[in-house]
Every structure is written in structure tokens, then in C-alpha cells.
Trainee: 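Here it is: the structure, laid out below.
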Amino acid sequence: MGIALGLWAAGGAGALELTLPQGATMTREVRRAAEAYLVPTDVYADGQIPAIDAEGFFLQQAWRLDAPGLTSLQLQRPLRRQIVEAGYSIMLDCAARECGGFDFRFNTPVLPAPDMFVDLRDYRFLSARKEGDDGVSDYVTVVVSQVSGSGYIQVIRLAQSEAATGNLSAEDGAAGPETVTTGAVPDAATGPLAERLTQAGHAVLSDLDFETGTVSLGPGPHPSLQALAAFLREDPERRVALVGHTDTVGTLENNTALSRRRAAAVLERLVSEYDIPRIQLEAEGMGYLAPVASNLTDAGREANRRVEAVLLNTE
């Protein structure tokens, strides 16, 4: 027996019932009463993802299950079949490198670790559309990845009424902890960066990746840095601290120094490529003292290697 996701079809004509494998546990849910969502229709190319600019009631859910030996394709295939059987037309169905790898992953919304992990070498994405009787379309996207023996599934639903976003029910009682976001205070790693900074006070720059023991920042593009630079240009009085974090490999002293150097590397990128004045920036390091996930797994350590922007008092 699996887990039924009750997702209402466009115009309220019926429900899109997706059944997840038994043992899947919901890790996070985000609802917003009104949201614009760029629904990908093709792979990343020429610096962008072709997409439909849709608006409506937004529902984003992440699930985790033990899936040793299963591939991302095996996890995705039953969901794809159910979506097609419900009358949806597939717009895009691609695998990691085919989608655009890093660039595709970080230019489409994905919930942050530890609730959702995406292996850049092993994920699948699909988007689908169904037109209602009133001519208004309904959309669903699915991201699936296999990470260290666990399967991660994210479903995004865009509907035209609040009731149409539906809800989830666990037939086998496996619907676990969840976080519901209503738009009052955004999560530090989801939503527009400016909104996260002004309302949550800090924001994870989630498209920056650092390997264990290094301070090398990839060439980009990094949408989070573009957004942060635009935020700082809007008001020269704004200041942010860039704070580096590491996993627990090594001593606290070494990790604190390493995390500060990572933050400094981000600062230098903002100065050199985006012409942000140094007076608006500072770099600090916390080492491994503020984890966002368990350091007992590869996926958790990867999530903990991060840089956050913290909005400072400008008075």
C-alpha cells in the first residue's frame, strides 16, 4: 500500500491521485495563497530555462523514503504514469545532465536540505499541464533523486483556487513531520532572496557548492549572487554579513578558518563580478557550530557546507 497525494485537477473537475511507495514520509510542505511559478517546458540552454509564467495557489511538498538499489528513473516512472493517466500532457521529462545539470537544478525551485536532497548527477524532472473546461491550465512538476540509499521526491502543484491545491493523506500512516509556510515568514532557503533577507533576516545561498576542505567557488552562473547583488544595489545603506559553514570533518579551529575563507571567496566574487562596494559586505565563519542537517551522512555533510547572507542593522 502506498501514500495517496490528493491533488485536484484544474477547474475542480476531479482529483489527481498520485500514490507514492509505501514508507514515504513527508518532510516539508509549503503553501502560498498566490504565487507566480515559472513552469519549465524545456531543458536549460543559452543561460535560461524555457518556461510558462503561471500564477495561482501554490503547493510544494517533499517526501523521503528508504530506497536502496532503486534508481531515480524507477522512483519517477510510477508517478509519471499516474500523471499521464489523469489526463495531463507531459511538457518536459529529462534526466540530470540532459536537463542541464547544475544550471537546471539551481534555476528551478527545490526545497532545501535536509528536507529535500538532489544529487546533481542523478535526478529526474518532469512537468505536466492539464487544461480545464474554462481554458485555464493546471500544472504539476516532479523532481526525484536518489541520494545515499534514500529517495527524495518533490511535487509542486499550481492551481486556480485554494481548495484546488488539495492535501495529502498517508494510507499507511507514514506522513511524518511537516512545515507549513503560509507566506508570513519565509524559510531561509526558499522563496525570493530579498523576501528571505527582509523577513527572515538571513538567506542560504543554496547554489554555492564547496567540496570538503576547499574554498573553491565554481564559475557559476549563481542566481543567488545575482539576486543578492541586486538587493544591495537597491539601497546603498544595506549591509550583509556572509557567513560560512562547514561539515564536521576536521577540527573546530580548522573548520572555522575554512568557513571564513569560503565566505571571503563569496565576498570577493560579489566585489569583482558584481561591483558591490566592500563597505556593504563582511565575511565571517562559524565552522561546524550551526548545522542544518546530520553530519552522519554524506547528504547531511553536503548540506552543512554552505554560505548564508545575514542582513545587518543599518540604523
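All values derive from a computational prediction rather than experimental measurement.
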Trainee: Once rounded to the nearest 0.5 Å, what's the spacing between atom CD of Glu237 and atom CG of Leu232?
Mentor: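 Rounded to the nearest 0.5 Å, the CD-CG separation comes to 12.0 Å.
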Trainee: Does the side chain to side chain donor-acceptor pair (under 3.5 Å) test come out yes or no for Arg64 and Thr27, once each step is laid out?
Mentor: CA-CA 7 Å; Arg64 177 194 175 279; Thr27 58; over 6 Å; no
Trainee: Hey, is the main chain of Asp122 close enough, under 3.5 Å, to the side chain of Gln146 for a donor-acceptor pair?
Mentor: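 No, because the side chain of Gln146 does not come within donor-acceptor range (under 3.5 Å) of the backbone of Asp122.
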Trainee: If you compare all heavy atoms of Tyr44 against all heavy atoms of Ile49, which two are closest, and at what distance to 0.1 Å?
Mentor: CD1-CG1, 3.8 Å
Trainee: Given 3.5 Å as the limit, does a donor-acceptor pair link the side chain of Arg196 with the main chain of Val204, or not?
Mentor: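 Confirmed, Arg196 side chain pairs with Val204 backbone.
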Trainee: Can you name the nearest heavy-atom pair linking Pro50 to Val43, along with the distance?
Mentor: CD-O, 3.3 Å
Trainee: Just wondering, are more than 12 heavy atoms of other shown residues or ligands nearer than 6.0 Å to CZ in Arg233?
Mentor: yes
Trainee: Side chains of Tyr123 and Cys99, heavy atoms from C-beta outward: is any pair under 4.5 Å?
Mentor: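 When only atoms from C-beta onward are counted, Cys99 and Tyr123 do touch, with a gap below 4.5 Å.
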Trainee: Within a strict 4.5 Å, meaning less than it, do heavy atoms of the Val240 and Leu281 side chains meet?
Mentor: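 Sidechains of Leu281 and Val240: in contact.
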Trainee: Transitively linked via ILVMFWY side-chain contacts under 4.5 Å: Ile156 with Met91?
Mentor: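 Linked within one cluster.
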Trainee: Is there a path from Ile153 to Ile90 through hydrophobic residues (I, L, V, M, F, W, Y) whose side chains come within less than 4.5 Å of each other?
Mentor: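 In one cluster: yes.
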Trainee: Suppose we screen for side-chain hydrogen bond (donor to acceptor under 3.5 Å, both in side chains). Which residues come up paired with Asn255, at least two apart in sequence or across chains?
Mentor: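 Counting only residues at least two positions away or on another chain, Asn255 forms a side-chain hydrogen bond (donor to acceptor under 3.5 Å, both in side chains) with Thr246.
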Trainee: Restricting to side-chain hydrogen bond (donor to acceptor under 3.5 Å, both in side chains), what partner residues turn up for Asp42, sequence neighbours left out?
Mentor: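 Asp42 satisfies side-chain hydrogen bond (donor to acceptor under 3.5 Å, both in side chains) with no other residue.
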Trainee: Out of Arg305, Arg301, Arg306, which one pairs with Asp247 under the side-chain hydrogen bond (donor to acceptor under 3.5 Å, both in side chains) rule?
Mentor: Arg305
Trainee: Could you pull out the closest heavy-atom pair between Leu228 and Leu193, with the gap in Å?
Mentor: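 Shortest heavy-atom contact: CA-CD2, 3.8 Å.
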Trainee: Taking the side chain as C-beta and beyond, is there a heavy-atom pair between Leu242 and Leu205 under 4.5 Å?
Mentor: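 Result yes, sub-4.5 Å side-chain heavy-atom pair found.
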Trainee: Under 4.5 Å between side-chain heavy atoms, hopping through other hydrophobics if needed: is there a path connecting Leu73 to Leu79?
Mentor: no
Trainee: For the pair Ser259 (side chain) and Met286 (backbone), establish whether a donor and an acceptor sit closer than 3.5 Å, ignoring hydrogens and angles.
Mentor: yes
Trainee: Drop me the distance from Leu270's CG to Gln226's CD, to the nearest 0.5 angstrom.
Mentor: 11.0 Å
Trainee: If Ile, Leu, Val, Met, Phe, Trp and Tyr residues are connected whenever their side-chain heavy atoms lie under 4.5 Å apart, and connections chain through other members, are Val243 and Leu289 in the same group?
Mentor: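 Looking at the clustering, Leu289 is in the same group as Val243.
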Trainee: Which pairs pass side-chain hydrogen bond (donor to acceptor under 3.5 Å, both in side chains) with one or both residues in residues 283-295, sequence neighbours excluded?
Mentor: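 Those involving residues 283-295 are Asn295-Asn304.
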Trainee: Is the backbone N or O of Tyr139 less than 3.5 Å from a side-chain atom of Tyr88, with the two atoms forming a donor-acceptor pair by type?
Mentor: no
Trainee: Without swapping roles, check the side chain of Ser145 against the backbone of Val118 for a donor-acceptor pair under 3.5 Å.
Mentor: no
Trainee: Considering only heavy atoms from C-beta outward, does the side chain of Arg129 approach that of Ile52 to under 4.5 Å?
Mentor: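 Result yes, sub-4.5 Å side-chain heavy-atom pair found.
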Trainee: I need the Ile276 CD1 to Leu267 CG distance, nearest 0.5 Å.
Mentor: 10.5 Å
Trainee: Starting at OG of Ser127, measure out to CG of Leu38 and round the result to the nearest 0.5 Å.
Mentor: 12.0 Å
Trainee: Any idea which heavy atoms bring His202 and Val310 closest together, and the distance?
Mentor: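 In this case the closest contact between His202 and Val310 is CB-CG2, 4.1 Å.
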Trainee: Considering non-hydrogen atoms only, spot the tightest contact between Leu75 and Ala67 and give its length.
Mentor: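 Closest pair (atom of Leu75, atom of Ala67, distance): CD2-CB, 4.3 Å.
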Trainee: Please enumerate all residues that pass side-chain hydrogen bond (donor to acceptor under 3.5 Å, both in side chains) together with Ser224, with sequence neighbours excluded.
Mentor: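 side-chain hydrogen bond (donor to acceptor under 3.5 Å, both in side chains) check on Ser224 returns Asp207.
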Trainee: Answer with yes or no whether the hydrophobic clustering places Leu70 together with Trp63; edges join I, L, V, M, F, W, Y residues whose side-chain heavy atoms lie under 4.5 Å apart.
Mentor: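 In one cluster with Leu70: Trp63, yes.
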Trainee: Distance from Glu308 atom CD to His245 atom NE2, nearest 0.5 Å?
Mentor: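 Nearest 0.5 Å value for the CD-NE2 distance: 4.0 Å.
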Trainee: Please list all pairs passing the side-chain hydrogen bond (donor to acceptor under 3.5 Å, both in side chains) test where one or both residues lie in residues 268-281, with sequence neighbours left out.
Mentor: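 As it turns out, the side-chain hydrogen bond (donor to acceptor under 3.5 Å, both in side chains) pairs with a partner in residues 268-281, which skip direct neighbours, are Glu268-Arg278.
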Trainee: Considering non-hydrogen atoms only, spot the tightest contact between Ala265 and Leu217 and give its length.
Mentor: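 That would be O-CD2, 4.5 Å.
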Trainee: CG of Leu18 to CD of Glu85: how many Å apart, nearest 0.5 Å?
Mentor: 10.5 Å
Trainee: Could you work out, with ring-ring contact (aromatic ring centres under 6.0 Å, His included) as the rule, every residue matching Phe231, not counting sequence neighbours?
Mentor: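 Scan of Phe231 (ring-ring contact (aromatic ring centres under 6.0 Å, His included), adjacent residues dropped) gives none.
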Trainee: Should the pair Phe104 and Phe125 be assigned to parallel (<30°), tilted (30 to 60°) or perpendicular (>60°) ring geometry?
Mentor: perpendicular
Trainee: Do Leu312 and Glu282 come within less than 4.5 Å of each other through their side chains, counting heavy atoms only?
Mentor: yes
Trainee: Got a donor-acceptor contact below 3.5 angstrom from the Ser72 side chain to the Arg124 backbone?
Mentor: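 It does not hold such a pair.
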